[in-house]
Amino acid sequence: DGLVTLAADRGDWVWDMDKIRLRDIAETVVEFMVAKLGRYSGSSRLLVQLAGCIGHTFKLETLASVSGRPMRDVAARLWAPVRDGLILPLGAAYDLFGRGGDPEEGQLLRCKFAHDRIQEATLSSIPKRKLGEMHLKIGRVTYEHIPESERSERIFEYVGHFNLGVELLAPDERRWLGDLNLQAGLRAKDSTAYAGAVQYFERAASLLDDDWDEEYTLLATLHLERVECLYLAGDTDGAQAAFEELSPLVRTPSHIATLSQVMMRILQTENRVEEGVAEGLRCLGLLGAGPPADPKAVEARMGELGAGIGALIAEKGPQALLEGPRAEDPEIVAVCGVLQETWICALMASNLPMVAFTTLSVVHISLEHGITEVSPAGYVAQAALCALQGDYDGARLFGSSGLELADAMGGTRLRPMVLNTYGNFTGHMVAPLQRNVDRYEESYRTCLRTGDRWWGAWAAHWARVHRFLKGDVLDDVHGRAVAY
């Protein structure tokens with residue numbers, strides 16, 4: 001700005017402090033650079049603002065599509081902010097700004113803002129309604145340019161822009177955006193980004209009609225996913241509040257069971273396992289699968305279940321534990337899920353009658369009605385019962401069947417439960433302790449990926465105990481324990 005100049009004849013810099021004091025110069029270098037934005041041409045300033053809406057890092061192709069200009073024209077109009085250091089070309093984009101011309105076909109050209117504060121100040125220079133219009137335009141253009149077959153996978157590239165322009169959407173588009181946010185939440189959950197998933201679910205809830213008679217399935221699915229992700233994100237207070245709100249609204253056995261299972265996991269995490277048992281029994285009662293009220297009747301029922309398991313294995317053969325049909329009745333699947341979560345609470349509460357009842361029930365249902373997701377966990381729990389009774393052949397049969405079925409079914413949610421239960425009660429009886437250590441390590445790694453605090457903590461604990469028991473050097477035992 002002519003306030004600081006190079007005196008060529010003297011080879012040094014000169015300035016006039018009086019003139020400098022009269023100027024409203026920003027206190028930081030970043031703010032000084034942002035002030036330059038107001039002096040760019042209208043088209044250059046608009047491009048920088050659009051880039052700010054796209055993100056901290058942006059593709060020139062996207063900016064060209066949104067602005068409706070050729071990419072070389074975009075590069076030419078961004079030259080001033082690039083020259084001034086507000087925007088930094090990345091990789092091959094340097095060549096486009098340096099030599100001009102058209103980019104090579106299919107070439108990925110990206111730039112980024114030199115500082116987060118520059119992007120923030122750029123966005124703050126846009127009027128609120130105009131900002132919504134820009135985001136909506138970016139969302140629409142991005143959505144249209146993504147092939148239909150890829151829109152689900154690339155949903156995060158556009159759904160956020162639609163959310164920021166939501167006030168400008170028509171009512172039918174708001175419903176469509178609600179569905180998009182539900183999809184985005186499910187994808188975020190699959191990526192273990194639970195806090196982000198909660199935000200998408202809550203946005204979806206704000207966009208969809210809260211009519212539980214007309215939209216029961218959609219709303220139940222949405223709110224159940226939100227409750228679970230609140231729990232997985234560590235917000236147990238929020239999850240419990242959501243549970244209380246949702247309990248009177250869910251109707252189907254599957255939804256009732258799913259909500260109850262989440263509540264039991266919350267209670268496990270807070271070490272309120274007796275309350276967890278009570279919640280499980282409450283839900284099993286609603287589903288018509290609870291134990292008798294009389295303890296003697298419970299004992300008799302367990303005898304019937306044990307005899308039934310023996311008879312079914314004798315009739316179908318041991319291979320039925322692995323090769324039986326999958327259960328298709330959603331009520332059967334729901335009951336098994338609740339039985340398994342109740343088993344966890346009962347085990348931690350040392351409620352041995354309920355440990356035995358839930359275990360025998362899962363195994364009997366798996367043989368009589370078909371295999372479910374929790375069957376492997378039920379089998380290794382049955383192996384534990386057999387081992388405690390001295391039936392080591394039964395322990396080996398059910399334990400190996402549980403591990404093999406878990407491998408065949410894949411998935412990660414219940415794998416730590418299967419590995420931990422087998423290691424705790426059966427593995428040390430039939431194989432060297434190092435095999436158990438390996439299982440606990442796998443369980444712990446799986447829990448790190450899924451956010452399962454409960455089984456991850458137990459896996460870390462028992463891995464340390466088994467290293468000690470098998471005689472590892474104490475410094476090594478301590479070092480590995482600290483690593484957890």
Side-chain angles (χ1 to χ4, degrees), residues 152-157 159 182-201 221 224-236 238-239 242 258 261-271 276 336-337 340-341 343-345 347-348 372-381 402-424 427 434-467 479-484:
S152 177
E153 181 181 350
R154 298 170 62 181
I155 193 169
F156 299 116
E157 294 182 29
V159 67
L182 174 56
Q183 295 173 37
L186 293 172
R187 292 194 70 86
K189 178 188 175 185
D190 288 342
S191 302
T192 70
Y194 301 122
V198 170
Q199 293 179 0
Y200 285 117
F201 292 139
T221 299
L224 285 167
E225 293 290 351
R226 175 176 173 265
V227 172
E228 184 175 12
C229 285
L230 281 167
Y231 158 68
L232 292 170
D235 184 2
T236 54
T258 298
Q261 289 174 72
V262 174
M263 189 63 206
M264 281 189 275
R265 289 173 206 149
I266 293 170
L267 295 170
Q268 292 161 22
T269 302
E270 297 186 342
N271 201 29
C336 283
Q340 191 57 43
E341 290 296 339
W343 173 85
I344 298 171
C345 294
L347 180 67
M348 298 308 167
T372 71
E373 179 192 25
V374 305
S375 293
Y379 293 169
V380 293
L403 293 176
E404 188 174 344
L405 184 59
D407 289 338
M409 295 177 73
T412 57
R413 189 179 75 82
L414 294 177
R415 189 164 183 79
M417 184 194 308
V418 173
L419 295 173
N420 285 17
T421 304
Y422 181 82
N424 290 359
Q434 182 57 47
R435 295 286 299 278
N436 266 2
V437 173
D438 295 339
R439 291 188 181 98
Y440 292 130
E441 289 280 5
E442 181 188 346
S443 174
Y444 181 76
R445 290 193 299 270
T446 301
C447 290
L448 284 181
R449 293 196 303 271
T450 61
D452 189 335
R453 298 170 181 82
W454 178 267
W455 289 106
W458 280 111
H461 168 73
W462 285 108
R464 178 183 60 198
V465 170
H466 278 62
R467 286 195 177 94
R480 295 302 295 268
V482 170
Y484 294 127

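Values reported hereafter were calculated over all heavy atoms of this structure, with side chains retained and with hydrogens, waters and symmetry mates removed.
- A distance of 7.0 Å separates CG in D190 from CG in L186, rounded to the nearest 0.5 Å.
- Once rounded to the nearest 0.5 Å, the distance linking OH of Y231 with CZ of R453 reads 7.0 Å.
- Put simply, the residue from N420, D438, T421 that forms a side-chain hydrogen bond (donor to acceptor under 3.5 Å, both in side chains) with S443 is N420.
- The shortest non-hydrogen separation linking I155 to R187 is CG2-CD, 3.8 Å.
- The shortest side-chain heavy-atom distance between Y440 and Y444 does not fall under the 4.5 Å cut-off.
- A heavy-atom distance below 4.5 Å is not found between the side chains of W458 and N424.
- Within the 3.5 Å criterion, the main-chain N or O of N436 finds no donor-acceptor partner in the side chain of Y422.
- Atom CE of M417 is separated from atom CH2 of W454 by 11.0 Å, given to the nearest 0.5 angstrom.
- Using the six-membered ring where Trp is involved, W462 and H466 have ring planes that are perpendicular, over 60° apart on the 30 and 60° scheme.
- By the 4.5 Å heavy-atom criterion applied to side chains, E373 and Q340 are not counted as neighbours.
- Not a single ring pair (Phe, Tyr, Trp, His ring centres under 6.0 Å) links F201 to another residue, sequence neighbours left out.
- Here CG of L232 is found 7.0 Å from NZ of K189. Values are rounded to the nearest 0.5 Å.
- Not counting sequence neighbours, Y379 has no partner by the ring pair (Phe, Tyr, Trp, His ring centres under 6.0 Å) test.
- Taking both residues in full, the closest heavy atoms of A239 and I266 are given as CB-CD1, 3.5 Å, listed atom of the first, atom of the second, then distance.
- At a threshold of 4.5 Å between non-hydrogen side-chain atoms, the residues T446 and D452 do not count as touching.
- Here the closest heavy-atom approach between residue T192 and residue R449 is recorded as CG2-O, 2.7 Å.
- Here the straight-line distance linking atom CZ of R413 with atom SG of C447 works out to 12.0 Å at 0.5 Å rounding.
- There is a side-chain donor-acceptor pair under 3.5 Å between Q268 and E341.
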>> If you apply the rule side chain to side chain contact (heavy atoms under 4.5 Å, CB included), what do you find for C345 with L267, and how did you get there?
In response: CA-CA 8 Å; C345 294; L267 295 170; 5.5 Å; no
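- Using a 4.5 Å heavy-atom threshold, the side chains of I344 and W455 count as touching.
- Residues P376 and L414 are not in side-chain contact: their nearest non-hydrogen atoms beyond the backbone lie 4.5 Å or more apart.
- Under a cut-off of 6.0 angstrom, the local environment of CD in Q199 is sparse, with at most 12 non-hydrogen atoms contributed by other residues, nucleotides or ligands.
- Among all heavy-atom pairs drawn from V159 and A184, the shortest one is CG1-CB, 4.2 Å.
- Contact record, G402 with V380: CA-CG1, 4.0 Å, taken as the closest heavy-atom pair.
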> Run the side chain to side chain contact (heavy atoms under 4.5 Å, CB included) check on R226 and Y200 step by step: do they pass?
Replying inline: CA-CA 9 Å; R226 175 176 173 265; Y200 285 117; over 6 Å; no
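- Interatomic distance, CD of Q434 versus CZ of R439, reported as 11.0 Å (0.5 Å rounding).
- Across every non-hydrogen atom of V418 and A406, the tightest pair is CG1-CB, 4.2 Å.
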